[in-house]
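The next block holds one structure in the form of structure tokens; read it before the comments.
The analysis underlying the following values was restricted to heavy atoms, covering all of them including side chains, and did not include hydrogens, waters or symmetry mates.
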Amino acid sequence: MSANTWTIAAARDALRKGEISATDLTMACLTAIDAGDALGAFVHKTPEIALDQARAADARIKAGDAPSMCGIPLGIKDLFCTKGVPSQAASNILGGFKPEYESTVTTNLFDAGAVMLGKLNMDEFAMGSSNETSCYGNAVNPWKVDDRKLTPGGSSGGSAAAVAGDLCLAATGTDTGGSIRQPAAFTGIVGIKPTYGRVSRWGIVAFASSLDQAGPMTKTVRDAAIFLQAMAGHDPKDSTSADLPVPDFEAALTGDIRGKVIGIPEEYSIDGMPQEIRDLWAKGTEMMKDAGAEIRWISLPHTKYALPAYYVIAPAEASSNLARYDGVRYGHRAKLSAGDGITEMYEKTRAEGFGKEVQRRVMIGTYVLSAGFYDAYYNRARKVRALIKRDFELAFAAGVDAILTPATPSAAFGLGEMSSADPIEMYLNDVFTVTVNLAGLPGVSVPVGLDKQGLPLGLQLIGRPWEEGDLLNHAYVLERAAGFVAKPAKWW
């Protein structure tokens with residue numbers, strides 16, 4: 001079995017025992033990346049940086065100074081600023097941008113000895129659920145049905161495709177409304193969105209600042225625990241970063257949830273949900289019950305308002321965050337005609353630099369923040385958000401330890417199959433995930449089974465704030481009970 005197919009935990013143990021070097025492990029991944037161009041996952045390859053970091057990791061391991069991520073080859077989502085390496089957020093408006101600084105997350109990972117293989121594809125500015133809004137072209141799901149090319153999900157589609165296709169051992173993702181959990185479910189991997197504030201947002205290109213949160217995308221729950229440990233921590237450069245100690249998430253994976261209460265929210269049983277999703281949810285519920293948990297039906301009454309509230313708040317924050325991209329300081333600048341002034345430069349630059357989906361959300365956000373509509377839309381959405389958060393608080397206060405829901409309303413769909421004429425159709429992919437972002441809670445997607453086409457399906461567990469260890473333990477139990485070991489047949 002080639003080393004690029006290993007888990008973080010297996011590679012860590014092999015590196016420490018001297019069974020493989022970080023350099024050889026990195027070379028195995030670089031070879032897989034070159035052979036996997038058809039997946040469209042990596043948009044900027046950094047082999048020189050990777051090999052330099054791998055040699056440094058080998059030296060640390062030899063010296064007995066080897067943190068858990070030392071020598072582990074990773075893919076980094078293009079939303080993270082990486083010093084001297086293109087960081088475009090998959091947008092033409094950031095063409096040629098190479099930051100002079102490193103994001104806190106990548107700094108933490110490199111300090112822990114991790115290796116960067118390159119930057120990963122994504123939806124433009126993280127706005128999308130299929131990776132089809134990227135200026136690089138879409139990433140492709142390693143899973144396939146007949147000759148149909150499927151979406152790997154979005155916005156962290158490149159991250160999901162790279163991990164599921166064994167191009168890297170793990171990858172960073174970001175989640176604003178489900179952008180870690182939905183692609184994880186579509187590709188049969190694990191993805192966790194931590195509590196808002198657990199992982200620093202400094203140096204991550206902003207979409208919606210009160211919702212964005214970075215997290216790991218991995219092959220197993222144990223890997224997610226190891227990876228999150230290295231990513232997390234207080235950052236004084238991020239005013240929303242929580243000044244809390246980072247627990248040992250891997251040590252929390254006891255596999256014992258006896259006496260724990262698992263909530264099943266009745267509002268997540270939506271009209272039109274495919275029977276396969278219902279059956280998977282019921283199967284997961286039985287798995288948790290068989291592991292000794294108490295199953296309790298709960299109500300989260302404001303769930304039905306989550307999607308419309310999200311699609312007011314997120315575009316509003318996006319329109320403010322994206323105002324800085326004007327062609328003046330960095331990135332794309334449009335060619336001007338004689339007589340054009342600064343207003344024309346702004347208009348032409350933004351029209352050329354932003355894709356259609358980003359333009360749509362900027363316009364929606366500007367509209368809901370405008371005089372006369374601020375109270376009718378934005379303020380009302382903020383009030384709904386508070387009610388959604390309160391629903392979860394009441395459930396946890398009543399003794400619920402974790403909440404089990406579907407991760408997505410379907411398996412991965414074909415590229416180009418969602419109607420571009422009706423963006424609402426695409427937005428509905430976030431129906432089970434946006435509540436977690438609105439409430440600032442941790443949520444994890446775990447692969448549990450295959451649909452009738454042979455495509456992976458995931459379930460989501462939602463946890464108490466700051467209790468990622470407990471949440472990951474529940475996910476670990478679900479993962480072991482499901483025994484999901486299916487891999488996509490290699491076609492690329």
Side-chain angles (χ1 to χ4, degrees), residues 1-12 14-15 20 22-51 53-54 57 69 71-80 82 85-86 90 106 109 114-123 131 134 136-144 149-174 180 183-184 186-191 216-220 223-224 227 412 415 447 456 486-492:
M1 185 171 67
S2 179
N4 58 290
T5 66
W6 292 358
T7 63
I8 292 175
R12 174 189 63 183
L15 286 163
I20 193 172
T23 304
D24 288 343
L25 179 58
T26 298
M27 280 302 305
C29 290
L30 291 172
T31 301
I33 290 167
D34 286 340
D37 282 343
L39 294 176
F42 277 85
V43 293
H44 297 293
K45 301 175 187 178
T46 56
E48 296 86 1
I49 293 172
L51 290 171
Q53 291 175 332
M69 291 295 288
I72 303 299
L74 305 174
I76 305 297
K77 187 177 179 179
D78 197 36
L79 208 64
F80 293 79
T82 43
V85 178
T106 49
L109 292 172
V115 173
M116 180 176 73
L117 297 164
K119 305 298 288 290
L120 293 164
N121 208 344
M122 55 177 281
D123 281 295
N131 213 140
S134 170
Y136 307 114
N138 55 267
V140 182
N141 197 324
W143 295 80
K144 203 172 183 183
K149 287 188 175 179
L150 306 175
T151 176
S155 65
S156 306
S159 300
V163 176
D166 289 324
L167 308 188
C168 56
L169 272 60
T172 61
T174 62
I180 286 174
F186 277 3
T187 56
I189 65 171
V190 174
M217 302 181 74
T218 60
K219 298 174 185 180
T220 67
D223 282 6
F227 197 168
L415 290 164
K487 298 285 284 184
K490 189 170 180 179
W491 55 265
W492 59 93

Original post:
Taking all atoms of both residues into account, what is the closest heavy-atom pair of Lys219 and Asp166, and its distance?
Top reply: NZ-OD1, 2.8 Å
Subject >> Residues which pass side-chain hydrogen bond (donor to acceptor under 3.5 Å, both in side chains) with Asn138, listed by chain and number, not counting sequence neighbours >> reply: none
Subject >> Ser134 (side chain) donor-acceptor with Asn131 (main chain) under 3.5 angstrom >> reply: no
Original post:
Excluding sequence neighbours, so at least two apart, what forms salt bridge (Lys or Arg N to Asp or Glu O under 4.0 Å) with Asp123?
Top reply: none
Original post:
Out of curiosity, Leu30 CG to Thr23 OG1, how far, rounded to the nearest 0.5 Å?
Top reply: 10.5 Å
Subject >> Closest contact, heavy atoms only, Pro456 versus Trp143 >> reply: CD-CD2, 3.5 Å
Subject >> Lys77 side-chain N/O to Ala171 backbone N/O, donor-acceptor pair under 3.5 Å >> reply: no
**OP:** Kindly indicate, with the supporting measurements, whether the criterion side chain to side chain contact (heavy atoms under 4.5 Å, CB included) is fulfilled by Leu167 and Ile33.
**Re:** CA-CA 5 Å; Leu167 308 188; Ile33 290 167; 3.9 Å; yes
Original post:
Which pair of non-hydrogen atoms, one from Phe227 and one from Thr172, has the smallest distance, and what is that distance?
Top reply: CZ-CG2, 3.8 Å
Original post:
How far does CG of Asp223 sit from CE of Met69, to the nearest 0.5 angstrom?
Top reply: 8.5 Å
Original post:
Between Ser156 (side chain) and Thr174 (backbone), is there a donor-acceptor pair under 3.5 Å?
Top reply: yes
Original post:
Listed by chain and number, what are the side chain to side chain contact (heavy atoms under 4.5 Å, CB included) partners of Asp34, not counting sequence neighbours?
Top reply: Lys45
Original post:
Taking the side chain from Asn121 and the backbone from Ala90, do they hold a donor-acceptor pair closer than 3.5 Å?
Top reply: no
**OP:** Output the distance between atom CG (Leu15) and atom CD1 (Ile8), rounded to the nearest 0.5 Å.
**Re:** 11.5 Å
**OP:** Would you confirm whether Lys119, through its side chain, and Pro86, through its main-chain N or O, come within 3.5 Å as a donor-acceptor pair?
**Re:** yes
Original post:
For the residue pair Pro73 and Cys168, what are the closest heavy atoms and their distance?
Top reply: O-CB, 4.0 Å
**OP:** Could you tell me whether a side-chain N or O of Thr46 sits under 3.5 Å from a main-chain N or O of Leu117, the two making a donor and an acceptor?
**Re:** yes
Subject >> Distance-minimising heavy-atom pair for Ala184 and Met217 >> reply: N-CE, 4.1 Å
Subject >> Pairwise distance CH2(Trp6) to CD1(Ile20) - rounded to 0.5 angstrom >> reply: 4.0 Å
Original post:
Taking atom CD1 of Ile49 and atom CE of Met116, what is their separation to the nearest 0.5 Å?
Top reply: 4.0 Å
**OP:** Look at the side chain of Trp491 and the backbone N and O of Pro142, then say whether any donor-acceptor pair between them is shorter than 3.5 Å.
**Re:** yes
Subject >> Minimal non-hydrogen separation, Ala22 against Ala54, with atom names >> reply: CB-O, 3.5 Å
Original post:
Side chains of Tyr136 and His44: closer than 4.5 Å at any heavy-atom pair?
Top reply: yes
Original post:
What distance separates Thr187 OG1 from Leu39 CG, expressed to the nearest 0.5 Å?
Top reply: 11.0 Å
